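Okay, structure first, notes after.
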Amino acid sequence: NFQFLHPEWGVAFDQDPELAASTRKRAFEMAASDNLMVAGAHIGFPGLLKIVKDGDAWKPVPSSR
C-alpha cells in the first residue's frame, strides 16, 4: 500500500485530506510503537500484519498468525 510509504497521499474519498493524513500517521505510529497486529480487508492472506517504523515512513510486515 502506497500510504505506508506516503501517509500524506490521500484518496478521492478522503473528505478532509489533512485530517485523513494525520489520522493515518497517528494510527501507523500507534500500531508500530505498541507492536499491534493489524487486520484489514485489502491486506493479502491471511489479512494480518504488523507495522514497523522505517525512517520517515512505515513498513507492513505480513504475519503468519
Side-chain angles (χ1 to χ4, degrees):
N1 186 322
F2 65 89
Q3 289 177 319
F4 287 114
L5 293 173
H6 299 280
E8 71 281 4
W9 290 3
V11 292
F13 47 80
D14 284 344
Q15 291 184 0
D16 183 333
E18 287 184 28
L19 180 60
S22 67
T23 300
R24 270 189 293 279
K25 290 176 186 178
R26 249 188 354 264
F28 292 165
E29 190 62 46
M30 182 175 65
S33 65
D34 293 348
N35 197 33
L36 300 176
M37 185 73 65
V38 177
H42 299 287
I43 298 172
F45 182 83
L48 300 170
L49 56 81
K50 298 263 181 142
I51 298 174
V52 296
K53 187 75 171 161
D54 187 21
D56 291 332
W58 290 267
K59 179 179 169 182
V61 178
S63 176
S64 60
R65 53 180 166 126

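These figures come from a predicted structure and were not determined experimentally.
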Minimal heavy-atom distance between A32 and W58, with the atoms involved, is CB-CD1, 4.1 Å
Contacts of type salt bridge (Lys or Arg N to Asp or Glu O under 4.0 Å), residue K50, not counting sequence neighbours: none
Do V52 and L49 share a hydrophobic cluster (ILVMFWY, side-chain heavy atoms under 4.5 Å, transitive)? no
Using the test salt bridge (Lys or Arg N to Asp or Glu O under 4.0 Å), find all partners of E8 that sit at least two apart in sequence or belong to another chain. none
Does CG in D56 sit with more than 12 non-hydrogen atoms of other residues, nucleotides or ligands closer than 6.0 Å? no
Can you give me the closest heavy-atom contact between I43 and L48, atom names plus distance? CG2-N, 4.1 Å
Please list every donor-acceptor pair under 3.5 Å in which a side-chain atom of residues 11-20 meets a protein atom from a residue at least two apart or in another chain.
unit_1 : atom_1 : unit_2 : atom_2 : d
D14    : OD2    : V11    : N      : 3.2
D14    : OD2    : R24    : NH2    : 3.4
D16    : OD1    : E18    : N      : 3.4
D16    : OD1    : L19    : N      : 3.1

